[in-house]
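I have placed the structure first, in the form of structure tokens, so that the comments after it can refer back to it.
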There are 2 protein chains.
Amino acid sequence: MLSVIQTAAPIVTRPPATIALDGLRQSYGPGETIFDEGQRADRVYQLTSGSLRTCRILRDGRRQIEAFHFAGDVFGLEGGETHRVAAQTLGPAQVRVMPRSALEALAHEHADVARRLLALTTDNLRRCQDHVLMLGRRTACERVAALLLDLAERTGADALLDVPMTRQDMADYLGLTIETVSRTFTQFQHDGLIALPTTRKVLLRDRAALEAMVD
Amino acid sequence: MLSVIQTAAPIVTRPPATIALDGLRQSYGPGETIFDEGQRADRVYQLTSGSLRTCRILRDGRRQIEAFHFAGDVFGLEGGETHRVAAQTLGPAQVRVMPRSALEALAHEHADVARRLLALTTDNLRRCQDHVLMLGRRTACERVAALLLDLAERTGADALLDVPMTRQDMADYLGLTIETVSRTFTQFQHDGLIALPTTRKVLLRDRAALEAMVD
DNA sequence: CGGACCCTTGATAGCTTTCAAGTCAGGTGG
DNA sequence: CCACCTGACTTGAAAGCTATCAAGGGTCCG
């Protein structure tokens, strides 16, 4: 007898482009700045553990977080001379550091490294485009749902998410305020979409519903 | 006698990265689609005249324009197999088309081409990051001002801008509605920041004020 | 136990959207 | 040459979503 087994749809994610940066190890505490906006971009980094945010700040203090990064991610790559964003750890973190010139030399010699650099940049561009769509045309609920699903995917969590950032970080990533993020969380809770064992842990109770919000 | 001459501050713009794509010419009428979202990304394009938009559309019809492109711009480059955005002309336009495989072969042989490809992608990423900051943390007025200044810079116009897109296009780029864009234009007019000889021409009367809004 | 953050909740304000007419400009055809 | 038509744009009134302002509650840690 044949039985139809309902399997969870496999998530078809392109394996993120990466490079193993073979540089010096360095450790940071929570909330430390790795580099600032405007600083010379003469080093390239790879996060080996922990997580961080990259952000820009307007004169009047408005802050926009460009991206969150997790273990394995390369960051600090710039086309120009200086960093366009600042990078700050969310918790304790370890990175590998390599002089930009060394990486460029490598890329010059090995076409493969050059190709990986392009792939990394393209990945970032893809993420950035999704971010634009989200900020331009999605509601607060949709944005929060998208962030939760993105976190789940990138940290490899199944249903119980460790949220390494504050509500303020989420708000500044999502183009919202801290209060709106908080209210959206409680609403999701009431609607049975998530549970909040602690403020920094999110249990996804109805992933399908969250995914339906995002598309 | 020495005189201090107040010169306009030179605009320090990095010359945009470019490649001369040596492919077949092709012509399009106004509002024609060059490629659609989801279509196989097996060709690369360079705009030789005219202008176009790249955009994504959500199920329910919400549209987000990712970018506007002008003569000289390369577009249609993708990391993955398919186009993540659609490309549509704003008016009559001419492009050069090259098979993606040909460009990849070139990049494989000539490190210089590979480097330019990376530079192009990095440029796009930079623009995309600015777009994120704008959509996440700027007001309607600031967004419109930013768009006008960006248009002026990219089309090389001095004070009289030719606006190739509709108000709806601007709205969908800026994450606003057509009404808000229109109202912002009339407000700028009342405040003496711009004049509107026709709906598709904008005269920048107080560029400094506009720049102050953007930062 | 106190303090410092971080988070949540409530009430109100405001910017932008939505809904609804109008106006304008360019192109077509009589 | 002018009436007409259509798409684009502008304007007004009202609603709504999110921000702002203001407390209050939790939790971790010294």
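A quick note: this is a predicted structure, and the numbers were derived from the prediction, not measured. Atoms considered below: every heavy atom in the structure, side chains included; atoms not considered: hydrogens, waters and symmetry mates. So you know, we letter chains A, B, ... as the sequences are listed, proteins then strands, and number each from 1.
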Over 12 non-hydrogen atoms of neighbours within 6.0 angstrom of CZ in A/R43
no

When rounded to whole Å, the CG to P distance for the pair A/L196 and C/dT8 reads 7 Å

Rounded to whole Å, CD1 of B/I178 lies from C1' of C/dT16 at a distance of 15 Å

Out of C/dC7, C/dT16, D/dT10, minimum distance to the side chain of A/R200 belongs to C/dC7

B/D169 atom CG is separated from D/dG7 atom P, nearest whole Å, by 16 Å

DNA chain C nearest-nucleotide lookup for A/M165 and A/R137: closer to the 5′ end is A/M165

When rounded to whole Å, the CZ to C1' distance for the pair A/R167 and D/dA19 reads 18 Å

Distance-only, no hydrogens or angles: does the B/E78 side chain make a donor-acceptor pair with backbone N or O of B/A41 under 3.5 Å? no

Would you say that B/L133 contacts B/D130 through its side chain, given a criterion of any heavy-atom pair below 4.5 Å between the two side chains? no

Notebook entry, point to check: Any chance CZ of A/R84 has more than 12 other-residue heavy atoms, nucleotides or ligands included, within less than 6.0 Å?
Noted result: yes

Rounded to whole Å, CE of B/M134 lies from P of C/dT16 at a distance of 13 Å

- Query: Got B/V144 and B/M170 here, is their nearest side-chain heavy-atom distance under 4.5 Å?
  - Reply: no

Residues in residues 179-186 of chain B with a heavy atom under 4.0 Å of DNA chain C, by number, are B/E179, B/T180, B/R183

Determine the contact category for A/T199: base if any of its heavy atoms lies under 4.0 Å from a base atom, sugar-phosphate if only primed atoms, P, OP1 or OP2 are that close, otherwise nothing. sugar-phosphate

Residues 145-179 of chain B vs ring pair (Phe, Tyr, Trp, His ring centres under 6.0 Å), sequence neighbours excluded, gives B/F68-B/Y173, B/H131-B/Y173

Between its two end axes (five pairs each) the helix from C/dC1-D/dG30 to C/dG30-D/dC1 turns, nearest 10 degrees, through 30°

Rounded to whole Å, CG of A/L90 lies from C1' of C/dC6 at a distance of 15 Å

Under 4.0 Å between any heavy atoms, over every strand shown, what does B/G31 touch: base, sugar-phosphate, or nothing? Just pick one.
nothing

With sugar-phosphate meaning primed atoms plus P, OP1 and OP2, does A/T198 contact a base, only sugar-phosphate, or nothing at under 4.0 Å between heavy atoms? nothing

B/M170 CE to D/dA8 C1', in whole Å, measures 11 Å

(request) For the residue pair B/M165 and B/I65, establish whether any side-chain heavy-atom pair is separated by less than 4.5 Å. (result) no

Polar side-chain atom of A/D36 near backbone of A/G38 as donor-acceptor pair, under 3.5 Å:
no

Next item on the list: Might you confirm whether atom CG of B/D158 has over 12 heavy atoms from other residues, nucleotides or ligands at distances under 6.0 Å?
Entry: no

